[in-house]
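To keep things clear, I will list the structure first and then write my remarks on it.
Below, chain A is the first sequence line, B the second, and so on; all start at residue 1.
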Amino acid sequence: MESLADWRRSHYSREVNPDMNGEEILVMGWTHEIRDLGGIIFVLLRDRDGLVQVTAPSKKIDPGLFENLRKLKKESVIAVKGTVQESPKAPGGVELIPTDLRLLNQSQQPLPLDPTEKVRAEIDTRLDSRFLDLRKPSVSAIFKIKSTMLHSVRVFLEKNGYLEVNTPKLVASATEGGTELFPITYFEREAFLGQSPQLYKQTMMSAGFDKVYEIAPIFRAEEHDTLRHLNEVISIDMEASFHSDEDVMDVLEKLVVQAITDVTENCEEELKLLDKDLQIPETPFERIDYDDVIDLVNSKGVALEHGEDLSRAAEKAMGEAMDGYYFITGWPTEIKPFYVMANEETPEKSHAFDLMYKDLEISSGAMRVHQHDVLVEKISSKGLNPESFERYLAAFEYGMPPHAGWGLGAERFNMTLTGLNNIRETVLFPRDRRRLTP
RNA sequence: GCCCUGGUGGUGUAGGGGCUAUCAUGCGGGCCUGUCGAGCCCGCGACUCGGGUUCAAUUCCCGGCCAGGGCGCCA
């Protein structure tokens, strides 16, 4: 093992090109593969951006260096100094003729999975050795796309006057109802992990922040065991004063289109690695009323009664009938949370909407109740106790503006960008019913 | 939580009441100067755990644990 000392990377693999012929460079990374042909050794060095071939012909390099290259193990960390050589025979038309090598850290053998992907591994094996799994270019591509998407979302919202806020994830009580919460010990009291920033972002409307967003984890203690649920996910949440449901649906579809545009422009390589042909959808997205959803689903032979949430079979039927992104509007008031505003003329219908991608719900939102007395009434009618919402309700007594907002599941959105069907793939270290490590 | 399916070298698999347990990849060693899923030769490495049936269980039965898929819950 050798020390890094004064060696510093001069180039990432992706930056090495034939125009640099003759240049002295220094690359650092992992030995992805070693092909020892006897008189010539090829070492594929991998870094965050890709691969570069180090070519060592025995006659042209120092014998000691040649022996050290021969002894390298897969996935060891190395730094290579060398001369860039333009060569039509090399991958990418360029290779590095080494002049010096430092073995910075050795990797044990055998590896718990194969980063070259010659032999595939199951998701469980992959998650157990996630650090190695993430070295695969096709896996890290998912997170480069996620990073690009999140950056795009932030830029879009900032440009549109939204303020990024951070609300507590340690909360005193079950807020919205609906989902189970994770209880935790908070000194001498019981507390919970937050299921949603909903009540806080509404409070920010009363605080006069006008337009806010938050990108943060939410926790759901449901024992679900599916390809599209996790117990910890990232929620992209926004709330805007003096906005209706229609207004924030416009914001949502513009944001989705912007993120897709940015990903197609900046993640060409990553999309190719994932074999995903990402198309920019047209706006406005199709809007379909809940009543029509019932009819459509029933016409497909799937039973669904008015007043029911969509079953999995109903979602699948919708996925077959609809193409890409679409909104479901006009949800029955009774199956939506207490903070959702009912329609003025037809109070059995609400101002709530879901954004779907084929058979996957990726976002839901609504225009909210902003009148204190109506809210108290709705909390009671849901079987909840208004007294436990005292601090939240106070914000509605001193000038709460009309407002609307939504929450977009970052991982589910990412699934639509990458074409993956297992949500676990889109989280570095997923938390599901069984998995709490690594 | 329910239903279905499965658990075989490091990884991914074939098989199946008595075998030396299949193949690929990997790993170790050897040969090889243009590999790019390099090639060739030699070698290494495995039946989820507990109980039962049986002369004999990795194989059949029961249970546990774990996993995959579906559903439910949920977003």
Side-chain angles (χ1 to χ4, degrees), chain A residues 32-44 46 51-61 66 70-71 73-75 85 87-95 97 107-129 132-133 136 176-181 195-198 217-237 308-316 328 335-337 352 354-357 360-365 406-413 415 421-424 432-435:
Chain A
H32 190 243
E33 277 194 277
I34 305 130
R35 298 200 189 95
D36 179 357
L37 275 66
I40 187 166
I41 299 170
F42 300 97
V43 175
L44 295 181
R46 189 194 63 245
L51 298 167
V52 62
Q53 177 166 287
V54 176
T55 302
S58 61
K59 296 267 171 55
K60 292 188 186 163
I61 69 161
F66 189 79
R70 162 166 284 162
K71 283 187 284 189
K73 307 285 182 200
K74 279 191 178 182
E75 298 303 321
Q85 176 76 245
S87 165
K89 287 179 281 189
V94 66
E95 61 194 4
I97 311 298
S107 171
Q108 282 196 284
Q109 307 293 332
L111 301 165
L113 53 79
D114 172 20
T116 68
E117 298 188 79
K118 285 191 202 100
V119 181
R120 71 167 201 287
E122 289 187 357
I123 188 78
D124 196 50
T125 306
R126 292 173 48 202
L127 292 174
D128 281 343
S129 298
L132 254 187
D133 185 52
K136 298 175 191 167
E176 308 173 31
T179 190
E180 291 295 318
L181 301 188
Q195 65 177 110
S196 158
Q198 182 59 31
I218 57 171
F219 305 91
R220 307 277 163 102
E222 296 293 341
E223 299 198 357
H224 34 51
D225 203 357
T226 79
L227 297 178
R228 59 201 178 280
H229 291 89
L230 288 174
N231 297 291
E232 175 180 357
V233 294
I234 299 297
S235 180
I236 301 166
D237 263 274
E308 280 184 319
D309 209 340
L310 266 53
S311 64
R312 187 62 193 138
E315 286 181 338
K316 283 180 173 169
I328 298 176
I335 58 169
K336 285 290 174 184
D354 280 3
L355 177 63
M356 307 288 294
Y357 177 77
L360 185 68
E361 178 189 337
I362 62 170
S363 171
S364 68
W406 42 254
L408 169 67
E411 285 77 17
R412 285 189 174 186
F413 185 33
M415 287 167 80
N421 69 346
N422 190 339
I423 195 167
R424 276 160 264 247
D432 63 25
R433 178 71 188 89
R434 300 188 177 97
R435 185 174 286 278

Any residue meeting side chain to side chain contact (heavy atoms under 4.5 Å, CB included) with [X], in chain and number order, not counting sequence neighbours:
X: A:I123; value: A:R126, A:L127, A:N422, A:E425
X: A:H229; value: A:H224, A:T226, A:R412
X: A:R433; value: A:E223
X: A:P110; value: none

With sequence neighbours left out, write down each residue that passes side-chain hydrogen bond (donor to acceptor under 3.5 Å, both in side chains) with [X], or none if nothing qualifies.
X: A:K74; result: none
X: A:E75; result: A:R46, A:R135
X: A:D309; result: none

Side chain of [X] only, please: which of [options] is the nearest?
X: A:T55; options: B:G10, B:G34, B:C74; result: B:G34
X: A:K316; options: B:C74, B:C71, B:A75; result: B:C71
X: A:K59; options: B:U33, B:C71, B:A38; result: B:U33

Show your reasoning for whether salt bridge (Lys or Arg N to Asp or Glu O under 4.0 Å) applies to A:R435 and A:D128. CA-CA 9 Å; A:R435 185 174 286 278; A:D128 281 343; 3.0 Å; yes
Same-atom distance (P) from B:A56 to B:G30, integer angstrom: 48 Å
Check nucleotides 45-47 of chain B against the protein and report each pair of N or O atoms closer than 3.5 Å, with its distance, or say if there are none.
none

A:Y357: partners by ring pair (Phe, Tyr, Trp, His ring centres under 6.0 Å), with sequence neighbours left out: A:Y325
Got a sec, which residues hit salt bridge (charged side-chain N to carboxylate O under 4.0 Å, His left out) with A:R35, two or more places apart in sequence or on another chain? A:E33
Protein-nucleic acid N or O pairs under 3.5 Å, nucleotides 25-28 of chain B:
from: B:G28; atom 1: OP1; to: A:K73; atom 2: NZ; distance (Å): 2.9

Going through the distances and angles, do A:I335 and A:E308 end up as a side-chain contact (heavy atoms from CB on, under 4.5 Å)? CA-CA 7 Å; A:I335 58 169; A:E308 280 184 319; over 6 Å; no
Roughly how many Å is it from CZ in A:R433 to C1' in B:G72, rounded to a whole number? 14 Å
Give me the distances for all protein-to-nucleotides 63-68 of chain B N/O pairs that come in under 3.5 Å?
from: B:A67; atom 1: OP2; to: A:R434; atom 2: NE; distance (Å): 2.6

